[in-house]
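So the structure is just underneath, and the comments pick up after that.
Throughout, numbering of the chain's residues begins at 1 and tracks the sequence.
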Amino acid sequence: MKRRVLESLLWGAALLAGPVSAAELDDRVQAFAGARTKAVWCRQAEGPGDDVFGRGNQLQLWGYDSGDGRGERIVLDAVTNYHRPMITPKGDRIVFNDLPGRVVKVVRWDGSGPQTLTRGTAADVWIDPATGIEWVYMMAQEVEEFHSGPVSRFQLDNPAVSELVLDRQDVTWDNFQLSADGTRASGQFPHPRAGYVTLPNGGETVLGKGCWTSMAPDNSYLSWIFDGPHRNLHLFAPDGRHWKVAIHGAPGVAGYEVYHPRWSNHARYFAMTGPYKIGPMGRNLIASGGGAVDVYLGRFSPDFTAVEDWLKLTGSDQADFFPDLWIEGGSGAAATLPAGQPAPAEERKHPAGRVKLEARLVAGIPTPSVASIAPYTRALVVYTYEVVRVLEGECSAPRLLAAHWAIRDKQVLELGKEQGGTYILDLELYDAHPELEGERLFMETEEFDLPLYYEPGN
């Protein structure tokens with residue numbers, strides 16, 4: 001394990017140093033995944049690289065196949081819309097959306113034979129294990145922003161064959177993803193109510209608040225919710241166990257926000273984009289994107305409690321969004337969670353870590369606008385403090401981060417704190433408040449190793 005992590009760090013450093021040849025990239029991917037690997041994403045070919053949600057017409061469709069020796073390459077070069085590209089279960093085609101036109105399209109892996117399949121917005125692709133038929137799951141319409149439905153499916157090779165699978169109008173299509181047997185799908189109902197539904201037309205199970213939900217591509221029913229700070233996955237096992245996995249430590253991400261996390265067809269592997277670190281002060285950095293946003297691949301440890309290895313797949317000066325990853329033979333891989341590990345969430349809660357102290361505000365950040373955090377209605381901002389003296393409790397850190405409520409129910413709050421000022425703070429450890437996992441958290445600091453506290457009373 002230590003050798004593998006060291007190799008990953010060395011490869012990460014090499015990738016950061018500059019472009020690599022297609023052959024060198026293929027070698028790294030083979031060592032990372034152990035099998036032929038394909039990835040697809042949309043790249044913003046024009047503009048500032050801020051079409052993070054894939055709604056505009058400045059995109060190209062890009063792909064990578066470790067078996068063709070071509071490195072990362074253009075699949076479709078017309079600059080238009082390619083919302084949520086997805087590799088089909090058999091690995092030979094790509095389904096994507098023309099989101100402005102509200103139509104679902106498909107193209108062969110080599111870029112040939114593009115065609116329109118039907119009207120709507122594709123959210124997932126799935127293969128029936130009993131028949132081998134590939135299906136596309138889609139939302140018929142966007143009722144309002146982040147509310148869509150109903151969910152239906154159609155056969156990829158015979159779109160005229162379709163059926164309703166979820167008759168509701170409040171599904172957020174980012175990120176609806178099925179288990180291997182097709183009986184469960186992760187999702188938001190709507191954002192930020194996150195969890196899963198049983199199919200067809202079953203009830204929902206809300207696991208928490210957040211976005212970019214994903215379902216393991218096997219029948220373990222392991223799922224995740226991406227948290228408000230845009231740095232961690234919160235994994236949920238069907239037996240009620242719940243734990244957090246940080247995904248902002250990949251080489252080159254350096255603790256900044258990441259986005260678009262999505263499970264591949266192999267239970268141990270996923271893709272994401274990052275880092276997100278530019279934009280106006282006080283704005284949502286995710287929405288700003290930028291040319292430094294690349295595709296990263298991650299591999300979970302066998303017990304799914306950490307990411308044991310990373311690979312930075314792309315490295316252009318144009319922003320890459322919506323990656324999907326396919327590994328040959330991946331559909332046969334299943335998650336195996338050790339019995340009793342990790343511990344249930346209620347047993348893993350940190351002590352409150354309450355402390356009352358006098359602290360000097362070293363760095364604050366502007367409060368974001370209500371419009372910039374949509375569809376969130378609440379947001380916290382993180383300030384950096386220098387500890388002057390501890391009045392109650394224990395705190396040995398000379399500096400710390402504290403999260404304060406800045407927006408509640410679309411109302412901007414007056415924090416009344418100025419840089420250089422000294423304040424009495426009643427704080428608790430942020431991790432002692434699992435109810436905050438899905439809240440939007442704004443951090444504009446590079447001191448990610450400082451302890452993070454929360455001021456519940458502000």
Side-chain angles (χ1 to χ4, degrees), residues 1 4 7-8 11 22-41 62-73 75 85-95 106-110 124-137 156-157 175 177-186 214-224 235 261-272 295-304 306-314 323-338:
M1 174 71 75
R4 192 180 298 136
E7 289 174 346
S8 176
W11 288 353
E24 187 176 3
L25 181 58
D26 290 345
D27 289 343
R28 294 175 179 179
V29 171
Q30 176 64 32
F32 175 77
R36 184 173 184 174
T37 298
K38 294 183 179 183
V40 67
W41 63 92
W62 280 69
Y64 167 79
D65 179 355
S66 66
D68 67 13
R70 298 174 60 187
E72 56 176 293
R73 59 178 174 81
V75 178
M86 296 172 290
I87 303 172
T88 56
K90 295 178 182 178
D92 60 345
R93 287 175 286 182
I94 302 164
V95 171
V106 68
V107 65
R108 295 190 189 99
W109 183 254
D110 61 4
D124 197 18
V125 288
W126 176 78
I127 188 168
D128 188 328
T131 65
I133 294 174
E134 293 176 299
W135 294 82
V136 179
Y137 285 69
L156 176 60
D157 291 310
N175 191 14
Q177 193 169 20
L178 278 76
S179 57
D181 60 13
T183 64
R184 294 194 188 188
S186 63
S214 205
M215 176 72 69
D218 54 14
N219 292 324
S220 67
Y221 307 127
L222 185 64
S223 63
W224 80 50
L235 276 76
R262 181 175 173 86
W263 236 309
S264 74
N265 69 323
H266 189 300
R268 292 275 300 282
Y269 294 84
F270 67 95
M272 68 176 195
V295 174
Y296 285 80
L297 311 182
R299 183 175 69 226
F300 287 113
S301 60
D303 64 359
F304 291 84
V307 179
E308 69 174 18
D309 205 359
W310 289 104
L311 191 143
K312 183 173 182 249
L313 185 65
T314 66
D324 191 34
L325 176 65
W326 180 91
I327 298 172
E328 191 170 36
S331 58
T336 303
L337 300 179

Can you confirm whether [X] sits close enough to [Y] that some side-chain heavy atom of one is under 4.5 Å from a side-chain heavy atom of the other?
X	Y	result
V125	I87	no
E72	L313	no
L297	Y269	no
W326	V40	no

Spell out, as yes or no, whether a donor-acceptor pair under 3.5 Å connects the side chain of [X] to the backbone of [Y].
X	Y	answer
W135	L156	no
T37	A35	yes
E134	K90	yes

Which heavy-atom pair separates [X] from [Y] by the least distance, and what is that distance?
X	Y	value
A31	R299	O-NH1, 4.4 Å
L311	L25	CD2-CD1, 4.4 Å
F304	R268	CZ-CD, 4.0 Å
V75	V107	CG1-CG1, 4.3 Å
G71	A22	N-CB, 3.5 Å
S264	P217	O-CG, 3.1 Å

Would you call R70 and D65 a salt bridge, taking side-chain N to carboxylate O under 4.0 Å as the test?
no

D157 and R93: salt bridge (charged side-chain N to carboxylate O under 4.0 Å, His left out), yes or no, with the steps?
CA-CA 11 Å; D157 291 310; R93 287 175 286 182; 2.7 Å; yes

What's the spacing between [X] [atom1] and [Y] [atom2] if we round to 0.5 Å?
X	Y	atom1	atom2	answer
M86	N265	CE	CG	13.5 Å
N175	D124	CG	CG	7.5 Å
L178	W263	CG	CH2	13.5 Å
S179	L222	OG	CG	11.5 Å
L325	Y64	CG	OH	10.5 Å
D324	W41	CG	CH2	11.5 Å

Do the side-chain N and O atoms of S186 and Q177 include a donor-acceptor pair separated by under 3.5 angstrom?
no

Testing the 3.5 Å rule here: is there a donor-acceptor pair between the side chains of Y221 and D181?
yes

If the plane angle is over 60° it's perpendicular, under 30° parallel, otherwise tilted; pick one for F300 and F270.
tilted

